[in-house]
Number of protein chains: 2
Amino acid sequence: MAIRPAEQLIHKAAWLYYAHGLRQDEVASQLNISRASVAMYLRKARETGIVNISTSTQLFTDDVMARRLEDAFGLDAVWIAPENAYLADPSTDIAVLAASVFLELVKKGDRIGVAWGRTVYTIADIMSFADLQDVTVVQLCGNLGAPYSYRPDQCTMEIARRLNAKGLNFYAPLVLSTEELAKSLRAEPVIRDQLAGIADCDLALYSVGAVDADSHLVKCGALSPAEMEALRSQGAAGVIAGQIIDASGEVLDCSYNRRVISAELASLRAIEKRLMVVQEHTKFEPLLSAIAGELCTHLVIGAHMAERLLEHAGATTRKAS
Amino acid sequence: MAIRPAEQLIHKAAWLYYAHGLRQDEVASQLNISRASVAMYLRKARETGIVNISTSTQLFTDDVMARRLEDAFGLDAVWIAPENAYLADPSTDIAVLAASVFLELVKKGDRIGVAWGRTVYTIADIMSFADLQDVTVVQLCGNLGAPYSYRPDQCTMEIARRLNAKGLNFYAPLVLSTEELAKSLRAEPVIRDQLAGIADCDLALYSVGAVDADSHLVKCGALSPAEMEALRSQGAAGVIAGQIIDASGEVLDCSYNRRVISAELASLRAIEKRLMVVQEHTKFEPLLSAIAGELCTHLVIGAHMAERLLEHAGATTRKAS
DNA sequence: CACGGCTCTCGACAAAAGTCAAATTTGCTT
DNA sequence: AAGCAAATTTGACTTTTGTCGAGAGCCGTG
């Protein structure tokens, strides 16, 4: 494991094949190995990100709807996945697009904040590998020991792994039982540094959660369905990085939020590129709140959601004028 | 030609094939076209840069020699193409590597300065296409009406074309017959603006020329072999963007240089990333001069040249101590 | 030093992708 | 509206690539 001669070979094979355009059998004879090995090396090269195959996401921003959404909501860029259209599984489509967009937004040397949820994990799961050694992926919120496979730290680590980047985990629970404990924990140097480091990120990747019994916060036991319902009547409109926000995109003033260890919204807003990805049709209101709170500068959504957003924007404008 | 529905199809095919990983026949049935068409679309997608296939150039910087060169000469990054090794045509190898490195260094929104020469044109020629709409490629030096196919403006335009970028040409001759004329021409608003814009570049791509009868300056008739020889004895050590430099990398004080319309060395030095590519073994002294004059921060060379540079650095250090 | 477990490599076959000339459509001119 | 040229699409064919199980080399261990 120490020194891997194979790594070198993979690199050479990939170079001759992809950069020089030789055929596999030509590469094989150059390197004195069988063509079958070359084929295997090339697969590894693709899998590990030694070669990058990326397709432009232009098509999805070029859409007129995307332009109108950008204008209506003051977003930097919007990508719309055509939903009903040409695809077997429409829900993965958004994730595949999001992964491509994400890889397009990442630059060498970047620091990336990653939150948690089914959406984020799905993206991590289908994201192709890349060779970005000096990138750091940081976890935006505390952990939730859950029966789920997509825990916050797993999302972070998986993305870091795919990028060949450094992963920085958060060694604290997402929610504590008392406000005092949360406060003291936040004051701990290790935790404090991590929290402080979030504002230095260049790019954030997250989704927004709905305030209902299906929320991960409920499923993971952080809140009971009843508590969730109560928060909802207090004005809870969405969940961002484990925190409850109201319709204006601000942190809701409630005990739960005071017991959470997560990135402050101000830190998130300090991040230049905030990529929000929304898969579920049910997350219309949460998304509106997130946009209102300026928690999103880059948006990836499905065509259906895009239409609803535009309708809403139209209605608001008409009412205002 | 106005609106091209094909463009859309190419994009969709590329997306399904490369991002979703469908097979060509699956893509074909999704889009209701024949598989042969899909194959054609995919080729076009690769050719136009809608999909990007890039291989990491890590292998060539990871070299110990590259590290030592970086240290010895204070360069930001060095790539070394293994010369004798595994390849049919060793001289293209450097160009292929240089093209990859170049594409790796370019970022969206960049402004790129391109000089002229066989090396630069070779790179342009083998460089793969990319989709960098908001990039601008500017020509670093005046034109030379030559019997060559690699005129300065052609280098610029070809690279711009490959990048799908905007090309900014220099509508002035490289050398004029009198110093006065050169001076007045440099004062012309069009020219002045172009010259002034060079320092705003984020990346420059050039090589260095040798001071001998084989130089393009001689072949294109800008200088006679005799004049070149005379300049050599006056201390000429290399040619950068059409200008003669001395061993310390400064502009040589001579009539020729005063008659040239090209980027000032100070402007070049203001460019953050200066990528220099040297193919010929004979350009050892010119390269040393360019490095001495800080005209290069990123360097792509062959293994042989790398060895000579290291030997030289060793000798100098030993002498100094 | 022989033994399993391990990874790496190869040959042969199956699957997928590339290619080309003919057929068809498209857009433009007369 | 007919005719023509250019571009696009297709089916049939060839070449290239992916995959799988068998075998070879390697290493620590009993």
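Chain naming here is simple, since letters A, B, ... match the order of the sequence lines and numbering starts at 1 in each.
- Side-chain contact check for A/Ser54 and A/Glu104: no donor-acceptor pair (N or O, by modelled atom type) lies under 3.5 Å.
- Computed from coordinates, the A/Leu42 CG to D/dT19 P distance equals 12 Å when rounded to whole Å.
- Put simply, CD on A/Glu47 is 13 Å from C1' on D/dT19, counting in whole angstrom units.
- The closest side-chain donor-acceptor pair between A/Thr55 and B/Trp15, if any, does not fall under 3.5 angstrom.
- Whole-Å rounding puts the B/Met40 CE to C/dT25 C1' distance at 14 Å.
- For C/dG18, its base sits under 3.5 Å from the side chain of B/Arg35 at one donor and acceptor pair at least.
- Toward the 5′ end of DNA chain C lies the nearest nucleotide of A/Lys44, the other residue of the pair A/Lys44 and A/Ala36 mapping further downstream.
- Remark: B/Tyr41 is not in phosphate contact with D/dT8, judged by side-chain N or O atoms under 4.0 Å from OP1 or OP2.
- Taking only side-chain atoms of A/Ser34, from C-beta outward, the nucleotide of C/dG18, D/dT19, C/dC10 with the closest atom is C/dC10.
- When rounded to the nearest whole Å, the span between CG of B/Asp25 and C1' of C/dA15 equals 10 Å.
- Residues A/Phe60 and A/Leu97 form a side-chain contact, since some pair of their non-hydrogen atoms from C-beta on lies under 4.5 Å apart.
- Rounding to whole angstrom units, CD of residue A/Glu26 and P of D/dT17 are separated by 9 Å.
- The closest side-chain donor-acceptor pair between B/Tyr41 and B/Arg46, if any, does not fall under 3.5 angstrom.
- Nucleic acid contact for B/Ile33: sugar-phosphate only, since backbone atoms but no base atoms lie under 4.0 Å from a heavy atom of the residue.
- Taking only side-chain atoms of B/Gln24, from C-beta outward, the nucleotide of D/dT10, D/dT17, C/dG18 with the closest atom is C/dG18.
- For the residue pair A/Ser34 / A/Ser37, a side-chain donor-acceptor distance below 3.5 Å is found, with atom types taken as modelled.
- In this structure, the nucleotide among D/dT10, C/dA16, D/dT17 sitting nearest to the side chain of A/Arg23 is D/dT17.
- The side chain of B/Ser37 approaches D/dT10 more closely than any other nucleotide in the set C/dT19, C/dC10, D/dT10.
- Here the P atom of nucleotide C/dA15 and the CZ atom of A/Arg43 are 17 Å apart, to the nearest Å.
- Regarding A/Arg46, its CZ atom lies at a distance of 13 Å from the C1' atom of D/dT19, rounded to whole Å.
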